[in-house]
Amino acid sequence: MLEVAHIRENKEAFAKALSKRNIDAATLLDQVIAADELRRNSQSQLDEVLADSNKFSKEIGMLFKSGEAQKANLLKEKTAGLKEQSKTLQEQLNAATEELQNLLYQLPNVPHDSVPEGNSDEDNEEIFREGDIPELHDGALPHWELAKKYDIIDFELGTKITGAGFPVYKGKGARLQRALISYFLDKNTAAGYTEYQVPHLVNEASGFGTGQLPDKEGQMYHVTEDDLYLIPTAEVPVTNMFRGDLRSHSELPIACTGYTPCFRREAGSYGAHVRGLNRLHQFDKVEIVRIEHPDNSAAALDGMVDHVKTILQELELPYRILRLCGGDLGFTSHLTYDFELFSTAQDRWLEISSVSNFLTFQANRLKLRFKDQDGQNKLAHTLNGSALALPRVLAGILENCQTPEGIKIPKALVPYCGFDMID
RNA sequence: AGAAAGGUGGCCGAGUGGCUUAAGGCGCACGCUUGGAAAGCGUGUAUACGGAAACGUAUCGAGGGUUCGAAUCCCUUCCUUUCUGCCA
């Protein structure tokens with residue numbers, strides 16, 4: 001959620017920056033300012049009435065105390081209309097506040113200067129590429145064929161017990177998955193992230209805090225009986241651990257990592273591109289989250305990008321980094337870098353990580369603040385990224401590391417797997 | 001699921017209708033003290049909104065109500081803890 005005070009001061013700058021998202025925010029911004037003004041006026045009026053009322057109450061109390069009951073009763077009559085007035089004004093204030101909230105919920109975050117213009121993922125800007133794309137032998141297969149050949153992932157079995165998009169991992173496939181989780185968590189904790197295990201269901205307030213609600217309601221599985229949501233990413237429970245907090249500047253930065261399964265309804269996704277592990281309703285992911293001082297969040301984002309790079313370098317996988325364009329940038333994000341792994345057998349890039357800086361956008365919803373050195377309370381900056389999303393990394397390993405003899409496990413993973421070949 | 005007890009500031013914790021302007025403690029900041037630190041002593045220290053400011057208003061889980069006046073009384077609701085039941 002954007003900060004009203006900033007919009008009030010800088011409406012044109014906001015409109016201009018938001019135009020990069022190909023939306024015309026001018027009307028909405030005007031409405032925000034109007035609602036804000038109504039809210040402030042209502043509060044001023046209400047405060048006056050309440051101030052009067054408080055003054056009378058105090059006097060009456062004093063009079064009763066000094067035994068002047070008659071005078072007190074006389075004064076009581078003067079307070080008669082105040083209650084009605086304050087009630088009306090209170091309702092007006094509540095309505096204006098709610099109106100303002102609803103308007104603010106509709107405004108996405110402001111893109112960073114470096115975010116390129118563009119409408120879709122085709123306009124994202126490649127900023128880095130590394131790793132050799134392997135020459136595959138004749139008869140090389142896509143990962144879903146490999147999964148069947150070596151009997152390590154069973155998609156049909158998952159369909160039987162749940163439905164499409166819920167694969168069953170088996171034998172060395174399951175072990176490799178577990179190895180990747182441990183490996184990622186170890187890399188993250190070595191880089192200073194504290195490991196957490198968090199709930200996989202969250203309440204409505206948490207969904208609002210990180211911005212999944214209300215805009216992405218349909219993407220989450222909703223357990224209506226208890227009004228809880230299955231998490232689409234660990235970002236939600238991890239970031240919400242800090243909801244409503246007021247921290248000392250000395251506690252920053254806070255760096256967390258956690259492994260969770262992620263559940264996404266992916267309503268409306270069909271076709272060849274969702275085959276195999278490419279798009280699932282349930283998948284595993286290790287996430288990193290940072291709470292940062294505003295002065296430091298830009299550097300922190302670069303640090304997260306570097307961190308994810310080192311993991312992919314160690315896994316010896318070919319990848320590239322994209323700076324998302326305005327049209328592809330997430331609703332809550334200010335600046336996002338996507339990591340894509342080259343899937344050689346499919347001849348396409350697969351997104352395996354998305355690293356974002358949200359500035360105060362999430363913190364404003366979360367009411368996540370810190371007391372700065374100057375004594376001022378300020379909204380913190382939040383950032384998060386995948387390090388990493390499992391299924392597509394798994395797909396990349398299967399496809400890129402396949403040989404006629406079997407799948408050769410990257411060296412870094414062998415100690416975690418306990419084997420160096422799937423055959 | 002049933003019963004009981006609770007929800008108070010950054011944290012802990014007192015507080016049963018009007019100097020509560022929320023005691024006390026911890027923490028934090030500054031000062032004194034010290035060769036330096038610790039301890040000790042002193043001073044200060046909630047949040048949000050409105051206001052150029054002075055200042056005002058709100059907030060004791062949330063929402064209503066009673067009252068001139070509510071942390072305090074009443075109703076509704078959410079959550080937590082303990083016990084019982086069920087259960088990995």
Side-chain angles (χ1 to χ4, degrees), chain A residues 1-9 32-104 197 199-209 213 223-229 237 240-254 261 291 293 360 363-380:
Chain A
M1 191 162 67
L2 296 173
E3 295 169 72
V4 200
H6 293 169
I7 295 176
R8 210 190 294 156
E9 288 158 18
V32 164
I33 287 173
D36 180 50
E37 209 164 291
L38 179 61
R39 179 186 61 86
R40 286 186 292 152
N41 283 339
S42 304
Q43 169 144 16
S44 293
Q45 290 176 50
L46 175 62
D47 284 358
E48 269 178 52
V49 174
L50 289 174
D52 279 351
S53 162
N54 285 343
K55 213 163 53 195
F56 282 129
S57 293
K58 237 168 232 165
E59 283 176 42
I60 292 167
M62 306 268 264
L63 289 171
F64 273 125
K65 201 157 244 178
S66 59
E68 301 173 84
Q70 249 184 351
K71 274 190 181 174
N73 284 320
L74 217 64
L75 207 50
K76 267 196 203 180
E77 287 168 27
K78 292 179 90 168
T79 66
L82 291 177
K83 184 142 196 169
E84 199 55 40
Q85 273 186 58
S86 71
K87 202 167 177 177
T88 311
L89 287 167
Q90 183 69 60
E91 277 163 15
Q92 193 181 311
L93 175 62
N94 291 348
T97 306
E98 197 185 334
E99 165 77 2
L100 182 61
Q101 282 294 326
N102 288 337
L103 290 167
L104 285 172
Q197 288 194 15
H200 301 165
L201 284 99
V202 294
N203 56 30
E204 196 177 26
S206 294
F208 269 96
L213 296 174
V223 182
T224 51
E225 181 84 18
D226 297 289
D227 201 17
L228 296 172
Y229 295 85
N240 271 282
M241 293 195 295
F242 307 97
R243 170 152 47 87
D245 283 8
L246 176 59
R247 302 278 174 150
S248 161
H249 63 88
S250 61
E251 291 178 72
L252 302 179
I254 297 168
I291 318 289
H293 190 286
T360 61
N364 194 22
R365 287 189 174 203
L366 292 159
K367 297 287 167 266
L368 166 49
R369 296 157 302 154
F370 69 99
K371 194 176 279 292
D372 207 351
Q373 222 140 7
D374 59 11
Q376 299 265 312
N377 298 323
K378 297 172 182 166
L379 292 169

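Keep in mind that the numbers below use all heavy atoms, side chains included, and drop hydrogens, waters and symmetry copies. Chain A is the first sequence line, chain B the second, and so forth, proteins listed ahead of strands; every chain is numbered from 1.
In this structure, Gln90(A) places its CD atom 14 Å from P of U57(B), rounding to the nearest Å. Computed from coordinates, the Gln43(A) CD to C55(B) C1' distance equals 14 Å when rounded to whole Å. In this structure, CD of Glu98(A) is placed 18 Å from C1' of C49(B), rounded to the nearest angstrom. Distance Asp52(A) CG to A58(B) P: 12 Å, rounded to the nearest Å. The CD atom of Glu251(A) sits 15 Å away from the P atom of G27(B) (whole-angstrom rounding). When rounded to the nearest whole Å, the span between NZ of Lys58(A) and C1' of G18(B) equals 10 Å. For the pair Arg247(A) CZ and U47(B) P, the computed distance is 16 Å after rounding to whole Å. Taking atom NZ of residue Lys367(A) and atom C1' of nucleotide U47(B), one finds them 12 Å apart after rounding to whole Å.
Comparing A58(B), A48(B), C68(B) against the side chain of Leu50(A) picks out A58(B) as the nearest. Comparing U47(B), G50(B), C68(B) by their nearest atom to the side chain of Ser57(A) picks out C68(B). Closest contact between the side chain of Asp47(A) and the listed nucleotides U47(B), C68(B), G56(B) involves G56(B).
Both distances falling under 3.5 Å, in either a Watson-Crick or a G-U wobble arrangement, place U47(B) opposite A58(B). In this structure U72(B) sits in no base pair that meets the Watson-Crick or G-U test at under 3.5 Å. Pair assignment for G7(B): C78(B), on the basis of Watson-Crick or G-U wobble contacts that are both within less than 3.5 Å. Across all strands shown, A23(B) forms no Watson-Crick or G-U wobble pair with both key distances under 3.5 Å.
With RNA chain B read from its 5' end, the first of the two nearest nucleotides for Arg40(A) and Glu48(A) is the one closest to Arg40(A). Residue whose closest nucleotide on RNA chain B sits further toward the 5' end, between Leu46(A) and Ile60(A): Leu46(A).
For the residue pair Thr97(A)/Asn94(A), the side-chain donor-acceptor check at 3.5 Å is not satisfied.
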Quiz prompt | Base-contact (B) and sugar-phosphate-only (S) positions in nucleotides 73-81 of chain B, heavy-atom cut-off under 4.0 Å, - elsewhere | solution = ---------

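A distance of about 4 Å separates the C1' atoms of U8(B) and C60(B), rounded to the whole Å.
Between G56(B) and Asn54(A), no contact under 4.0 Å exists linking OP1 or OP2 to a side-chain N or O. In this model, the phosphate group of G50(B) is approached by a side-chain N or O of Arg39(A) to a distance below 4.0 Å at OP1 or OP2. Checking the phosphate oxygens (OP1, OP2) of G50(B), no side-chain nitrogen or oxygen of Asn41(A) falls inside 4.0 Å.
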Which protein N or O atoms sit under 3.5 Å from an N or O of nucleotides 63-67 of chain B?
unit_1, atom_1, unit_2, atom_2, d
G65(B), OP1, Lys87(A), NZ, 3.0
U67(B), O4, Lys83(A), NZ, 3.1

